[in-house]
Number of protein chains: 2
Amino acid sequence: MASRPSSLGYALLGLLHFAPQSGYDLRKTFLTTPLSVFSDSPGAIYPALRRLARQGWIAAQPGARGGRRRQVFAPTAAGRRAFRDWLGHRPTRDDVARGWGVLMLRLAFMGAVPDAPLRTFLEAIRSELQAHVAELARFEAQRAAEMPLEGRLAFASGLQGYRAQLAWAESALAKARRKEKR
Amino acid sequence: MASRPSSLGYALLGLLHFAPQSGYDLRKTFLTTPLSVFSDSPGAIYPALRRLARQGWIAAQPGARGGRRRQVFAPTAAGRRAFRDWLGHRPTRDDVARGWGVLMLRLAFMGAVPDAPLRTFLEAIRSELQAHVAELARFEAQRAAEMPLEGRLAFASGLQGYRAQLAWAESALAKARRKEKR
DNA sequence: GATCACATGTAAGAAGTTACATGATTCT
DNA sequence: AGAATCATGTAACTTCTTACATGTGATC
């Protein structure tokens, strides 16, 4: 069994859940949407697609191509299972502190699978964020005095960012709960 | 001439501006401070130090070591020049949108060199952030309707994060101006 | 004297970057 | 026919990860 895909791999797998498409299509998505955190370079995408195919998580759809030579990929049953597992596991402290982008990627993709655990996901994020903010605040109380202005400013940027995400998490949870009611 | 160092390389160079120290000391810093975004793995740090030394930006201080075998590095004149250049160049749109961590690293290190261009740095960040937030807001206005709840939430997290940083930039600028007055 | 913390190193492999290469198809 | 675009591929290089290796000085 090969190792886990990188976040680029999961991004590709997730996009293929919305619609089967080719590597070229995926590159265009990375170019024209806020998903542009990912590279659109062919040297990254095509190898990543081959790795997913080798792992049996995606497969090229058989022909019906009178048109250009192109390979349209779709997730396999195993790929859908792996993707749901990835979406489902509880966000950790480390995810929140250093992997925010990946968390938001997972969140965005929850729209592509039925019965995604949206509420528990957001609750875990909130709780880990609270702990993280508390720890940073403790650090600031203890050490801010010895830091130069510039260091304090940089630190404050981080702390304020996490606080903003905490506020976001609260409001996102409220929206998710309202959606569940229906 | 070799290529530019990675951000890990600049992080090491910057820490050596605060105080000459060994690879082991630097690892501990990465372990015990919010600089923990960087890996503390010896497989990353020692090769990075060698690259900086090969480039002539840092040098091991000559002996006076009756104690343990350890190499204490300090920036050279060329290293200090390169570091100031790195701190000085104007933050771009891409820095703000995808390289926030590196920007804050640069900011934190401005406390370690005299006459760092703190105010122009913060002004550039603010202006690029304004443009970025405006573009994201435009994107949201046009495309939010077609996105599922989960996608909208993830997008909102990004937008709110950038807005928080914009507020932070305003207040940081005010503090920097107050400092200049003295 | 054994063990632990200090301090550095290296080897194998994964993943991404840049840059170039190669054909097919559509457009003018 | 020639040019532009579509679509994929590959080669060389860089950096980081994981894991293991090695020796020294301090501590119990």
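The analysis underlying the following values was restricted to heavy atoms, covering all of them including side chains, and did not include hydrogens, waters or symmetry mates. To find a chain, count down the sequence lines: A is the first, B the second, and so on, and within it residues start at 1.
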(message) Can you see if the side chain of B:Tyr24 gets near the phosphate of C:dC6 - specifically, an N or O under 4.0 Å from OP1 or OP2?
(response)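 Answer is yes, contact under 4.0 Å.
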When you measure from the side chain of [X] to the backbone N and O of [Y], does any donor-acceptor pair fall under 3.5 Å?
X: B:Thr29; Y: B:Asp25; result: yes
X: B:Arg106; Y: B:Trp86; result: yes
X: B:Tyr162; Y: B:Ala97; result: yes

Nearest-neighbour nucleotide for the [X] side chain, [options] considered:
X: A:Ser22; options: D:dT8, D:dT17, D:dT10; value: D:dT8
X: B:Ser39; options: D:dT17, D:dT8, D:dC16; value: D:dT17
X: A:Ala44; options: C:dT17, D:dT17, D:dT15; value: C:dT17
X: A:Ser3; options: C:dT10, C:dG9, C:dA15; value: C:dA15

Between atom [atom1] in [X] and atom [atom2] in [N], what is the gap in whole Å?
X: B:Phe38; N: D:dT15; atom1: CZ; atom2: P; answer: 14 Å
X: B:Phe30; N: D:dC16; atom1: CZ; atom2: P; answer: 10 Å
X: B:Gln21; N: C:dC6; atom1: CD; atom2: P; answer: 15 Å
X: B:Leu31; N: C:dA5; atom1: CG; atom2: P; answer: 14 Å
X: B:Arg50; N: D:dC16; atom1: CZ; atom2: C1'; answer: 14 Å
X: B:Arg54; N: D:dT14; atom1: CZ; atom2: P; answer: 9 Å
X: B:Gln71; N: C:dC6; atom1: CD; atom2: C1'; answer: 15 Å
X: A:Arg70; N: D:dT5; atom1: CZ; atom2: P; answer: 18 Å

(request) Evaluate side-chain hydrogen bond (donor to acceptor under 3.5 Å, both in side chains) for B:Glu128 paired with B:Thr92, printing each intermediate quantity in order. (result) CA-CA 7 Å; B:Glu128 295 301 324; B:Thr92 66; over 6 Å; no
